[in-house]
Participant: 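Below you'll find the structure I mean.
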Amino acid sequence: MKTIIEPFRIKSVEPIRQTTRAERERLVAAAGYNLFQLHASDILIDLLTDSGTSAMSTEQWAAMMRGDESYAGSESFYRLKQRVQAITGFKHVIPAHQGRAAERILFTVMCKPGCVVPNNTHFDTTRANIEFTGARAVDLPRPEAADTQLRIPFKGDLDVAALERLIESEGAGRIPLAMVTVTNNSGGGQPVSLANIQAIRDITARHGIPFYIDACRFAENAWFIRQDEAGYAGWSPLDIARKMFSLADGCTFSAKKDAFANIGGFLCTNDDRLAELEQNLLILTEGFPTYGGLAGRDLDAIAVGLEEVLDPDYLQYRIASTAYVGRHIADRGVPIVEPPGGHAIYIDAGRMLPHIPRGEFPAQSLAVELYRHAGVRSVEIGSVMFGANARHELLRLAIPRRVYTQSHMDYLVEAILEVNERKHELRGYAIAHEPPFLRHFTATFRPL
Ligand SMILES: *Cc1c(COP(=O)(O)O)cnc(C)c1O
């Protein structure tokens, strides 16, 4: 059989609400044309983010009932630790309430002013937490990633020649750690090859620089390696994940992505001295080291999710369903970041709407129209979010895990294609009001 189906059936349903175009026009105007300001109940299909929005399984809900809420020494923690170690092999597992809490602790312990931390592309919270310590976060994506239309595998790879040059110019002593983000979220959800991870390991080891993986989507990355990297077709996702982690000294992880949990994260390291410093900080702001700001039941949900996400049937469906949306719109003329990534499709709105200049936010215009037309919420990743630093004007459609069905995706494809037919009618926006930082969350807009 060629048809790839959702490898689950539905036991509990959550109704979603249809609205009329007239209602949505009124609602989005009242929200200042900022989709973050809408009530979730006014949205039909919510593709704002894949973070914390997964559907949990029956086994995860059952595990939550087993959660051990002991302050110290909770069994839930030991179950999580065992599962994380079985996948990553790391010695110390430090739970935290989400990925950014793990990042804050890691960088507080490892970075100081004047330091430099390279990554393929830093996620926004990663960059912010590095810069908060006074260190500098440097993105080193491979040069081909700049061309959104280029269709090559492993477009998320780090530019290892640029890493060598950075070490040469800064000196290894100024680089407390190097990172790689799998998959490369800010770079289009593109995967990183094992060959690239191995090359980063070799270079950093030669210079005595610790190497960490931002592992939020490690399982999706493992599937791309199995699918597209020579030599891994017969490997299980678990074995590929083990190999990825075996090349690193530690990792940060947001359980809101590939662990199907609604909250949670952790930090891992093999370094006893660092682990002690990290646990001391953890106690200060997150909690005792066997719960780290989470309930025992959350730790159990994450432990089960980490096992489920490595199921080959799930990963095949997940990557295929994202690619399905991407191919169906791109092959009918909607420019996307090619090739489709793991967790999201990014429409290149700058290319799709050349009549709207960057300063009038083409991706914001597309986001508003997709909501007005079909009740779909997406997010602008361009000049609204990054100001003058934006590299492209993208609209991200992030796909929550195990939440929407094939018919939801068909509806989405139809909606995008219909908006594309009338794209010449779309107009730009001006900012009416903006806060001093992170303006995309609360800014309001005025149609031009
Ligand atoms: C989501 C994410 C984070 C931060 O995790 P939170 O749980 O949202 O704090 C860090 N890195 C990447 C690549 C992410 O996608």
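A quick note: this is a predicted structure, and the numbers were derived from the prediction, not measured. Side chains included, hydrogens not; waters and symmetry mates left out as well; all remaining heavy atoms used.
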Participant: Just so I know, are the side chains of Leu394 and Val337 near enough to count as touching, which here means a heavy-atom distance under 4.5 Å?
Facilitator: yes

Participant: Could you walk me through whether Leu80 and Leu306 pass the side chain to side chain contact (heavy atoms under 4.5 Å, CB included) check?
Facilitator: CA-CA 9 Å; Leu80 173 66; Leu306 285 172; 4.1 Å; yes

Participant: Side chains of Arg142 and Ile152, heavy atoms from C-beta outward: is any pair under 4.5 Å?
Facilitator: yes

Participant: Using modelled atom types and a 3.5 Å cut-off, is there a donor and acceptor pairing between side-chain atoms of Asp228 and backbone atoms of Ile225?
Facilitator: no

Participant: Begin with the C-alpha distance, continue with both residues' side-chain angles, and end with the deciding distance and a verdict on side-chain hydrogen bond (donor to acceptor under 3.5 Å, both in side chains) for Thr285 and Arg104.
Facilitator: CA-CA 11 Å; Thr285 59; Arg104 192 190 62 84; 2.7 Å; yes

Participant: Could you report the tightest heavy-atom contact between Asp46 and Pro400, atom names first, then the distance?
Facilitator: O-CG, 3.7 Å

Participant: Starting at CD1 of Ile130, measure out to CG of Asn119 and round the result to the nearest 0.5 Å.
Facilitator: 7.0 Å

Participant: Could you tell me whether Arg401 and Asp258 make a salt bridge, using a distance below 4.0 angstrom between a side-chain N and a carboxylate O?
Facilitator: yes

Participant: Under the criterion side chain to side chain donor-acceptor pair (under 3.5 Å), which of Asp139, Asn185, Asn184 is the partner of Thr121?
Facilitator: Asn184

Participant: For the CD atom on Glu69, are there more than 12 heavy atoms of other groups (residues, nucleotides or ligands in this structure) within a distance under 6.0 Å?
Facilitator: yes

Participant: Of Asp298, Thr290, Asp300, Asp68, which is the lone residue that meets side chain to side chain donor-acceptor pair (under 3.5 Å) with Ser76?
Facilitator: Asp300

Participant: Under a plain distance cut-off of 3.5 Å, with no hydrogens placed, do Glu393 and Ser383 share a side-chain donor-acceptor pair?
Facilitator: yes

Participant: Say whether, by atom type as modelled, one donor and one acceptor occur between the side chain of Arg396 and the main chain of Ile345 under 3.5 angstrom.
Facilitator: no

Participant: Could you tell me how the ring of Phe218 sits relative to the ring of Phe245: parallel (under 30°), tilted (30 to 60°) or perpendicular (over 60°)?
Facilitator: tilted

Participant: Looking only at side chains, do Glu103 and Thr126 share a donor and an acceptor under 3.5 Å apart?
Facilitator: yes

Participant: With no hydrogens and no angle check, is any side-chain donor or acceptor of Lys11 less than 3.5 Å from a backbone partner on Thr58?
Facilitator: no

Participant: When you look at CZ of Arg327, are more than 12 heavy atoms from neighbouring residues, nucleotides or ligands closer to it than 6.0 Å?
Facilitator: yes

Participant: Are the side chains of Ile105 and Leu282 in touch, meaning some heavy atoms are under 4.5 Å apart?
Facilitator: yes

Participant: Could you tell me whether Glu144 atom CD has more than 12 heavy atoms of other residues or ligands within 6.0 Å of it?
Facilitator: yes

Participant: Answer yes or no: are there more than 12 heavy-atom neighbours, outside Ile5 itself, under 6.0 Å from its atom CD1?
Facilitator: no

Participant: Nearest 0.5 Å, what's the CG-CZ distance between Leu397 and Arg377?
Facilitator: 13.0 Å

Participant: Quick one: pull up CG in Leu299 and CG in Leu294 and give me the separation to the nearest 0.5 Å.
Facilitator: 5.5 Å

Participant: So that I can tick it off, tell me whether Arg242 and Asp239 are bridged by a salt bridge, with the cut-off set at under 4.0 angstrom between side-chain N and carboxylate O.
Facilitator: yes

Participant: Charged N to carboxylate O below 4.0 Å: is that the case for Lys257 and Asp50?
Facilitator: no

Participant: Fit a plane to each ring of Tyr71 and Phe288, take the angle between them on a 0 to 90° scale, and name the class: parallel (under 30°), tilted (30 to 60°) or perpendicular (over 60°).
Facilitator: tilted

Participant: Go through it in stages, so that I can follow the logic: the residues are Leu158 and Asn196, the test is side chain to side chain contact (heavy atoms under 4.5 Å, CB included), and I'd like the CA-CA distance, side-chain angles, deciding distance and then a yes or no.
Facilitator: CA-CA 7 Å; Leu158 180 142; Asn196 191 245; 3.7 Å; yes

Participant: Given Lys243 and Trp235, is the side chain to side chain contact (heavy atoms under 4.5 Å, CB included) satisfied, shown in steps?
Facilitator: CA-CA 10 Å; Lys243 172 138 192 205; Trp235 285 46; 3.8 Å; yes

Participant: Could you grab the distance from atom CD1 of Ile240 to atom CE of Met244, nearest 0.5 Å is fine?
Facilitator: 9.0 Å

Participant: Does Glu220 pair with Arg318 as a salt bridge, N-O distance under 4.0 Å?
Facilitator: yes

Participant: Taking the ring of Phe107 and the ring of Tyr212, is the distance between their centroids below 6.0 Å?
Facilitator: no

Participant: Under 4.0 Å between a side-chain nitrogen and a carboxylate oxygen: does that hold for Asp249 and Lys91?
Facilitator: no

Participant: Give a yes or no on whether the backbone of Thr19 and the side-chain of Arg24 come within a donor-acceptor separation of less than 3.5 Å.
Facilitator: yes

Participant: Just by distance, with hydrogens left out, do Asn34 and His440 show a side-chain donor and acceptor under 3.5 Å apart?
Facilitator: no

Participant: What verdict does the side-chain hydrogen bond (donor to acceptor under 3.5 Å, both in side chains) test give for Asp272 and His92, after you've listed the backbone C-alpha separation in whole Å, the side-chain angles of each residue and the deciding distance to 0.1 Å?
Facilitator: CA-CA 8 Å; Asp272 296 341; His92 300 281; 2.8 Å; yes

Participant: Is there a side-chain contact between Pro153 and Pro339, using heavy atoms and a 4.5 Å cut-off?
Facilitator: no

Participant: Is the Phe8-Tyr317 ring centre distance short of 6.0 angstrom?
Facilitator: yes

Participant: Side chains of Thr183 and Asn221: do they bring a donor and an acceptor to under 3.5 Å?
Facilitator: no

Participant: Is it the case that over 12 heavy atoms from other parts of the model lie below 6.0 angstrom from the CZ atom of Arg439?
Facilitator: yes

Participant: Does a side-chain heavy-atom distance below 4.5 Å link Gln85 with Phe90?
Facilitator: no

Participant: Would you call Arg21 and Glu418 a salt bridge, taking side-chain N to carboxylate O under 4.0 Å as the test?
Facilitator: no

Participant: Quick test of your reading of the model: are Glu23 and Arg372 salt-bridged, counting only N-O distances below 4.0 Å?
Facilitator: no

Participant: To the nearest 0.5 Å, tell me how far Leu438 CG sits from Asp124 CG.
Facilitator: 8.0 Å

Participant: Does a donor on one side chain and an acceptor on the other come within less than 3.5 Å for Asp202 and Gln198?
Facilitator: yes

Participant: Side chains of Leu395 and Val379, heavy atoms from C-beta outward: is any pair under 4.5 Å?
Facilitator: no

Participant: With a 4.5 Å heavy-atom cut-off, do Arg136 and Cys115 have their side chains touching?
Facilitator: no

Participant: Glu278 and Thr108: side chain to side chain contact (heavy atoms under 4.5 Å, CB included), yes or no, with the steps?
Facilitator: CA-CA 9 Å; Glu278 287 162 359; Thr108 302; over 6 Å; no

Participant: With a 4.5 Å limit on heavy-atom distance, are the side chains of Glu75 and Arg66 in contact?
Facilitator: no

